[in-house]
Amino acid sequence: MKVQCLKGFRDYLPGEMLQKERMLASVREVFEQHGYPPLMTPALEYAEVLTGKYGDEGEMLLYRFRDNGDRDVALRYDLTVPLARVLAEHGNIGMPFRRYQIAPVWRAEKPARGRFREFMQCDVDLIGVDSAAADAEMLVIGAAVMQRFGIENYKLRINHRGVLSALCRKVGLEGSAEGDFLRILDKLDKIGEEKFRQEVSGIPGLDASGLDSVLAVVLDASSDPREVLSHIEKNLGSDDLATSAIQRMTEILDIVEAAGIGKYCQIDPAIARGLSYYTGLVYETFLDDLPQVGSVMSGGRYDDLVGMFSGKELPAIGISLGIDRLFYALSEMGLIETSSQPAEVLVVLFSEESAPASFSAASGLRHEGINTMVYPKAAKVKKQLQFAQKSGIPYVVVIGDEELKKGTVQFRDMDAGSQDEISLSDAVTRIKTGQTS
RNA sequence: GUGGGUGUAGCUCAGUCGGUUAGAGCGCCAGUUUGUGGUAUUGGAGGUCGAGGGUUCGAGCCCCUCCUCCCACCCCA
C-alpha cells in the first residue's frame with residue numbers, strides 16, 4: 001500500500017495549521033463584528049438536495065455515492081445550497097436571517113495551483129432582503145476581511161446578471177442559450193477580441209450583428225466604476241433588465257464609496273460566474289499580485305434558490321471566501337510564517353526530581369494567560385535551550401536545585417540572550433510587558 | 001477530463017556512454033567531561049533512485065503502463 005493522501009486533498013501540518021486557524025479566527029471575528037452568528041450543517045446531504053443547482057459542469061463535480069443504507073448522498077459542493085435547504089426545512093426562522101458558516105466543501109475537480117478537491121469556504125449570507133444595502137453589505141464584509149489580513153492589492157470585480165442578460169439579448173440569445181456565450185465572454189480579457197469573436201461565432205442562434213455593441217460595453221470598460229456604468233447605460237439603456245441593474249449598482253456604489261472601500265471595487269460587465277443560481281449582483285475577487293490562483297472571494301444574489309426547495313420566494317445574497325486559496329496565495333507571497341509555535345515560554349525540566357516544581361511554575365504562567373510548554377524529560381540544559389531556540393520559543397524558565405531552594409527562577413530572553421534570577425511573578429510581568437531586563 | 005513537462009536522502013539538487021558498494025550541501029541525531037542556545041569541530045543515522053512491468057550479461061539512466069506534482073486548456077474558492 002502506498003501511503004499518501006488523496007489527490008487534491010492535503011494535510012495541514014501544525015506549523016501551517018496554526019496560521020490557518022489564526023486566519024479563521026480573524027474571519028469569524030469580522031463576521032461577528034457585522035452581526036452574523038454561525039451555522040453548521042452536515043457534510044453529507046441527500047444527493048437530490050444538491051442536484052440541479054450548479055449547472056451541468058458543477059453537477060459532474062459532485063462527490064456522490066450510495067451510503068450503507070443505500071441512500072443516494074453527496075458531499076456538499078458549497079455552503080449556499082445547504083443553507084437554502086435549512087431555510088426551507090426550518091419554517092419558523094425569522095427574517096431577515098443572517099448567518100456565517102465556515103466549513104469544508106468538496107469538488108471533484110482536477111487539482112491545480114490554488115485549487116483543491118477539499119477546501120474550506122467562509123460564507124456570509126443575508127436572507128429575506130432584496131436591497132442595495134444588503135448587496136453592499138456583502139462587499140463591505142468582504143473588504144473588511146481583506147483589510148484584516150493586511151491585503152491591499154486586490155479588486156472586487158462586480159457585475160449584475162441583468163447586464164449579462166441584456167448583453168445576451170443584444171446577440172439574440174435568451175434563457176438557456178446564454179450559458180455558452182457568457183462562458184466565452186467571461187474569459188474575454190484573457191483571449192482577446194479576435195479569439196472571442198471566433199469562438200462565439202460557433203454558438204447556434206447567435207446574431208453576430210449585436211456583437212459590436214457587446215464589445216463596446218465590455219472592452220471600453222475603463223477603471224472608474226461610474227464611467228463603466230454610464231457606458232453600459234449608453235449601450236444597453238433601452239433594455240429594462242439593464243436599466244434596473246444599472247440603477248441597483250449605482251446605489252451600491254454610493255454605499256461602498258461611503259464605506260471607504262470604493263477603491264477596491266470595479267464594475268466589470270464580463271464577470272459571469274458559473275454557478276447557475278445567481279440572479280442579480282455577482283462578484284469575484286482577484287489578488288493583483290497573484291491572479292493565477294483565481295478568485296479568492298466571490299458570490300452574488302440568488303433570489304430563486306430557496307424557492308426551489310420551499311416553493312416560497314425568498315431573496316438572498318451571500319459572499320464566500322476561499323480561505324485555503326487565500327492561505328496558499330499568502331504563503332506564495334511569503335506573508336505567512338509557517339514555523340510558528342504557540343508556546344511563549346519553555347520551562348526547562350532540570351531533573352526528574354524538579355519536575356513537580358517545573359509543572360507548578362508552568363501552571364502559574366498559564367493562569368496568567370501565557371502559553372507555556374514544559375520540556376517533556378530531564379535533559380541537559382543545553383539541549384533544552386537548543387530546542388527553545390529552534391522552536392522559536394522566546395522565553396525560557398529554568399528551575400534548578402538552587403532556584404528551588406531560593407524560590408526563584410532563571411528567566412532567559414532568547415532573542416536578547418539575557419538572563420536574570422527573579423521571582424516567577426516578575427517573569428510574568430516581563431513577558432506581558434515585553435521588557436527583557 | 002485533454003495536451004506538455006516532472007519525480008534521486010527530511011529539503012535543494014549532482015550522478016558522465018547503460019558498468020563495481022548511489023553522492024554533496026543544508027537539515028536531523030549524538031559527542032567535544034558533568035547548570036545555558038545561535039558559532040566552531042568530530043562522529044552517526046537516513047535512499048525499494050515515484051510504483052509496477054519490459055529490454056540487457058548488467059538499468060537511477062533505455063521502453064511501456066500507472067501514480068504524483070508543475071504548466072496550459074476547462075472551470076472555480
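We name chains A, B, ... by the order of the sequence lines, and we start the count at 1 in each one.
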5'-to-3' dot-bracket of RNA chain B (Watson-Crick, G-U; under 3.5 angstrom; crossing pairs as [ ]; | other strand): (((((.(..((((.....[...)))).(((((.......))))).....(((((..]....)))))).)))))....

Test item: Leu314(A) and Leu305(A) side chains (from C-beta on) under 4.5 Å apart, heavy atoms: no

From C28(B), U32(B), A77(B), nucleotide with atom closest to Lys380(A) side chain: U32(B)

Any donor-acceptor N or O pair under 3.5 Å, side chains Glu59(A), Thr51(A): no

Rounded distance in Å between the C1' positions of G47(B) and G5(B): 25 Å

Pi-cation contact, Tyr77(A) with Arg107(A) (under 6.0 Å, within 45°): yes

Sequence neighbours excluded - salt bridge (Lys or Arg N to Asp or Glu O under 4.0 Å) pairs with any residue from residues 353-374 of chain A: Glu368(A)-Lys432(A)

Donor/acceptor link under 3.5 angstrom from Arg325(A) side chain onto base of C76(B): yes

Residue Phe286(A), side-chain heavy atoms: nucleotide from C76(B), C74(B), A77(B) that is nearest: C76(B)

Nearest-Å distance once atom C1' is located in both U12(B) and A72(B): 26 Å

For nucleotides 70-72 of chain B, which of its nitrogen or oxygen atoms have a protein nitrogen or oxygen under 3.5 Å away, and what is each distance?
unit_1: C71(B); atom_1: OP1; unit_2: Arg113(A); atom_2: NE; d: 3.0

Pairwise C1' distance, C76(B) and U8(B) [rounded to whole Å]: 36 Å

Interatomic distance, Asp11(A) CG vs C69(B) P [rounded to whole Å]: 12 Å

Separation of the P atoms in G53(B) and G46(B), to the nearest angstrom: 25 Å

Residue mapping more 5' on RNA chain B - nearest nucleotide basis, Ser320(A) or Lys187(A): Lys187(A)

CA sep, side-chain torsions, deciding dist, call: Lys406(A), Glu402(A), salt bridge (Lys or Arg N to Asp or Glu O under 4.0 Å): CA-CA 6 Å; Lys406(A) 288 192 260 177; Glu402(A) 299 292 316; 5.2 Å; no

Between P of C69(B) and CZ of Phe9(A), the distance in whole Å: 12 Å

Contact letters for nucleotides 34-41 of chain B, in which S counts primed atoms plus P, OP1 and OP2 and B counts the base, heavy atoms under 4.0 Å: -BBBB---

Rounded interatomic separation in angstrom, taking CD from Glu199(A) and P from C74(B): 7 Å

Leu156(A) CG - A77(B) C1' separation (whole Å): 14 Å

Inter-nucleotide P distance (G50(B), C61(B)), Å rounded: 8 Å

Gln419(A) side, atom CD; Gln410(A) side, atom CD - distance, nearest 0.5 Å: 4.5 Å

Chi angles and distances behind the salt bridge (Lys or Arg N to Asp or Glu O under 4.0 Å) call for Glu178(A), Arg161(A): CA-CA 11 Å; Glu178(A) 291 181 350; Arg161(A) 273 306 240 258; 5.5 Å; no

Pairwise P distance for G44(B) and U34(B), with rounding to whole Å: 24 Å

Euclidean distance for C1', G10(B) against A45(B) (whole angstrom): 13 Å

side-chain hydrogen bond (donor to acceptor under 3.5 Å, both in side chains) against Asp56(A), all qualifying residues, sequence neighbours excluded: none

Heavy-atom side-chain proximity of Val73(A) to Glu45(A) below 4.5 angstrom: no

Full working for side chain to side chain contact (heavy atoms under 4.5 Å, CB included) between Met414(A) and Arg412(A): CA-CA 6 Å; Met414(A) 295 298 284; Arg412(A) 186 169 184 80; 4.2 Å; yes

Tyr264(A) ring center within less than 6.0 Å of Tyr154(A) ring center: yes

Polar contact flag, side-chain donor to acceptor under 3.5 angstrom, Thr408(A)-Glu421(A): yes

Selection from G1(B), A77(B), G31(B) that lies nearest to any side-chain heavy atom of Arg117(A): G1(B)

Tyr12(A) six-ring face occupied by Lys20(A) cation (under 6.0 Å, within 45°): yes

Nearest-angstrom distance from the residue atom CZ of Phe116(A) to P of U68(B): 15 Å

Atom C1', compared across U65(B) and U55(B): separation rounded to whole Å: 15 Å

Side-chain donor/acceptor of Arg117(A) to backbone N/O of Trp106(A), under 3.5 Å: no

Between C76(B) (C1') and Tyr77(A) (OH): distance, integer Å: 7 Å

Whole-Å distance separating the NZ atom of Lys195(A) from the P atom of C74(B): 7 Å

Sugar-phosphate only, base, or nothing, as touched by Met120(A) at under 4.0 Å among non-hydrogen atoms: nothing

Arg98(A) charged N/C atom sitting above Tyr36(A) aromatic ring, 6.0 Å / 45°: yes

Aromatic ring pairing Tyr302(A)/Tyr278(A), orientation class (parallel under 30°, perpendicular over 60°, tilted between): perpendicular

Nucleic acid contacts - residues 29-42 of chain A versus RNA chain B, non-hydrogen atoms under 4.0 Å: none

Rounded distance in Å - CD (Glu109(A)) to C1' (U2(B)): 15 Å

